[in-house]
Amino acid sequence: MAVLRSLAAVRAAPGFWWRAARASLGLLGPLGPCPGRGYSVDAAQSPPTFGFLLDIDGVLVRGHRVIPAALEAFRRLVNAHGQLRVPVVFVTNAGNILQHSKAQELSALLGFKVEPDQVILSHSPMKLFSQYHNKRMLVSGQGPLVENARVLGFENVVTVDELRMAFPVLDMVDLQRRPKTTPLPRNDFPAIEGVLLLGEPVRWETSLQLIMDVLLSNGNPGTGLATAPYPHLPVLASNMDLLWMAEAKMPRFGHGTFLLCLETIYRKVTGKELRYEGLMGKPSVLTYQYAEDLIRQQAERRGWVAPIQKLYAIGDNPMSDVYGANLFHKYLQMAKHDGAEERGADGLWKRRPSATQSCASILVCTGVYNPKGPEPTRPAQDAEEAPFHGHRDFSFSPGLMEASHIVNDVNEAVQLVFHKEGWLL
């Protein structure tokens with residue numbers, strides 16, 4: 001919620017102001033349906049003053065298959081020595097994988113070395129929430145959960161499966177998993193002090209039930225309270241995507257769908273809203289600030305004196321990729337206008353003064369967004385009537401879902417940016 005409070009002024013800004021700001025920066029491109037660790041600068045090319053924020057699913061890959069246009073794009077982005085010509089960060093809302101494993105996966109698919117510090121997972125900014133790192137946290141998701149939590153700084157975590165084993169009577173939906181006898185009650189299980197939601201779990205009914213038990217019991221799920229505490233225990237969540245694109249023709253449920261289920265159940269049971277101490281992943285401004293810092297660090301390691309002034313965010317999801325890039329662009333404009341102190345969107349860390357002036361959104365047609373496909377893969381004719389797929393805590397703003405440019409694929413996106421920046425293709 002802190003991210004959202006800090007952006008209240010941004011949200012209140014009228015649509016006219018937003019379009020005027022975009023026009024003044026030359027970011028209003030043609031909208032409408034789509035038609036039919038190494039860095040180096042070319043010898044004759046000046047150092048870059050721009051960088052790329054690349055989504056992965058639906059932009060570079062579909063499931064485990066690389067999109068052909070991605071290979072073409074990286075033939076332009078990588079020089080003859082196998083080094084990137086401009087700084088690139090891969091910003092994905094995936095989280096059920098280790099950062100270095102995702103880098104290895106991308107390296108194999110794209111044919112060049114991707115370093116772990118070029119990859120931002122949806123939960124990567126949780127490293128900044130140090131006030132919770134020593135608390136006993138229940139963690140939900142799948143894959144290398146405990147290892148991911150520890151990489152983020154959380155020292156004392158309990159998985160949903162571990163909690164279920166400690167209190168087997170809590171998990172009652174699956175008849176085959178119900179205990180055959182009633183176990184003795186436990187009073188030696190340390191209280192849980194918060195909840196980490198790192199990604200969609202496998203057994204939603206189990207995770208939903210046990211997370212609710214923890215919240216309603218103030219971290220002591222083996223007991224019962226007459227009145228649910230409110231405010232409840234701190235909840236940190238990442239990846240708000242309602243839908244994502246894999247090999248299937250239609251989008252699949254994302255972690256945002258799981259969050260929607262949890263929020264709805266909590267509100268129905270308690271009559272109150274589930275609150276988040278932090279929401280990470282696109283479209284959160286915190287995630288884009290984190291990516292901006294990595295872009296800047298890459299440029300500094302290369303010794304490039306010219307600051308990175310422009311970011312180009314390429315994605316396939318209007319709600320997460322386009323909305324997030326446009327929201328960050330708005331944040332940049334307001335920060336420059338107000339002369340605000342450079343801090344993270346949650347005030348979590350003091351940032352060096354930002355040289356970034358703009359963040360342009362480029363929407364591709366190889367993933368969730370498909371102008372020729374059925375709903376919900378394409379926008380409604382009237383944006384005001386389009387279903388809002390964003391998270392509850394991000395207000396619906398049709399202007400923020402308008403991409404600066406719409407192109408067929410990531411290769412066309414890279415060509416567009418190089419042309420705008422006067423770079424050789």
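All values below were derived from every heavy atom in this structure, side-chain atoms included, with hydrogens, water molecules and symmetry-related copies excluded. Residue numbers start at 1 and run along the sequence shown.
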Reference residue L109; test side chain to side chain contact (heavy atoms under 4.5 Å, CB included); the match among L60, V114, V66: V66
R65 atom CZ, neighbour heavy-atom count above 12 within 6.0 Å: no
Interatomic distance, L243 atom CG to R252 atom CZ [nearest 0.5 angstrom]: 9.0 Å
Side-chain donor-acceptor contact under 3.5 Å, H329 with Q357: no
Between CG on residue L71 and CG on residue N411, distance to nearest 0.5 Å: 10.0 Å
Pair D213, Q209: side-chain N/O donor-acceptor within cut-off below 3.5 Å: yes
Minimum-distance pair of heavy atoms, taken over all atoms of D241 and K282: OD1-O, 4.2 Å
Geometric class of the F253/W204 ring pair [parallel <30°, tilted 30-60°, perpendicular >60°]: tilted
Side-chain donor or acceptor of S361 paired with backbone N/O of S404 under 3.5 Å: yes
Plane angle bin for F90 and F112 - parallel if under 30°, tilted between 30 and 60°, otherwise perpendicular: tilted
Gap between atom CG of L216 and atom CD1 of I211 - 0.5 Å precision: 11.5 Å
Closest approach of P125 to T287 (non-hydrogen atoms, all atoms of both residues): CG-OG1, 3.9 Å
Flag, side chain of N239 to backbone of G95, donor-acceptor distance under 3.5 Å: no
All ring-ring contact (aromatic ring centres under 6.0 Å, His included) counterparts of F388, not counting sequence neighbours: F396
Polar side-chain atom of R267 near backbone of K272 as donor-acceptor pair, under 3.5 Å: no
Separation between CD of E72 and CD of Q415, rounded to the nearest 0.5 Å: 9.0 Å
Side chain Q142, main chain E200, donor-acceptor under 3.5 Å: yes
Side-chain donor or acceptor of N148 paired with backbone N/O of I97 under 3.5 Å: yes
Interatomic distance, H232 atom NE2 to M212 atom CE [nearest 0.5 angstrom]: 9.5 Å
T257 (side chain) donor-acceptor with L242 (main chain) under 3.5 angstrom: yes
Nearest heavy atoms of S354 and R296, plus distance in Å: CA-NH1, 4.0 Å
Donor on one side chain, acceptor on other, E263 and Y276, under 3.5 Å: yes
Point-to-point distance, once rounded to the nearest 0.5 Å, from SG of C359 to CD of Q333: 10.5 Å
Check: E292/T356 side-chain N/O donor and acceptor closer than 3.5 Å: yes
Test item: H255 side-chain N/O and S238 main-chain N/O as donor-acceptor pair under 3.5 Å: yes
Main-chain N/O of V119 paired with Q99 side-chain donor or acceptor, under 3.5 Å: yes
Heavy-atom closest contact (S320 atom, Y288 atom, distance): O-OH, 3.5 Å
Test item: side-chain donor near acceptor, D409 and T366, under 3.5 Å: no
Worked verdict on F189 versus F167 for ring pair (Phe, Tyr, Trp, His ring centres under 6.0 Å): CA-CA 10 Å; F189 195 82; F167 301 97; 5.2 Å; yes
E421 vs Y312, side-chain hydrogen bond (donor to acceptor under 3.5 Å, both in side chains): CA-CA, chis, key distance, verdict: CA-CA 11 Å; E421 296 296 328; Y312 293 93; 2.5 Å; yes
CA sep, side-chain torsions, deciding dist, call: T159, R164, side-chain hydrogen bond (donor to acceptor under 3.5 Å, both in side chains): CA-CA 9 Å; T159 67; R164 184 182 71 84; over 6 Å; no
Parallel, tilted or perpendicular: rings of F52 and F418 (30°, 60°): tilted
Any donor-acceptor pair under 3.5 Å from Q309 side chain to T49 backbone: no
Sidechain N-carboxylate O distance under 4.0 Å for D117, R301: yes
Ion pair check, K102 and E105, cut-off under 4.0 Å: yes
Closest approach of V89 to A291 (non-hydrogen atoms, all atoms of both residues): CG2-O, 4.3 Å
E273 and Y230: side chain donor to acceptor below 3.5 Å: no
Worked check of side-chain contact (heavy atoms from CB on, under 4.5 Å) between Y369 and N317: CA-CA 6 Å; Y369 176 77; N317 191 324; over 6 Å; no
Heavy-atom pair of closest approach, residues F394 and L327: CE2-CD2, 4.1 Å
A246 backbone acceptor or donor facing R62 side chain under 3.5 Å: yes
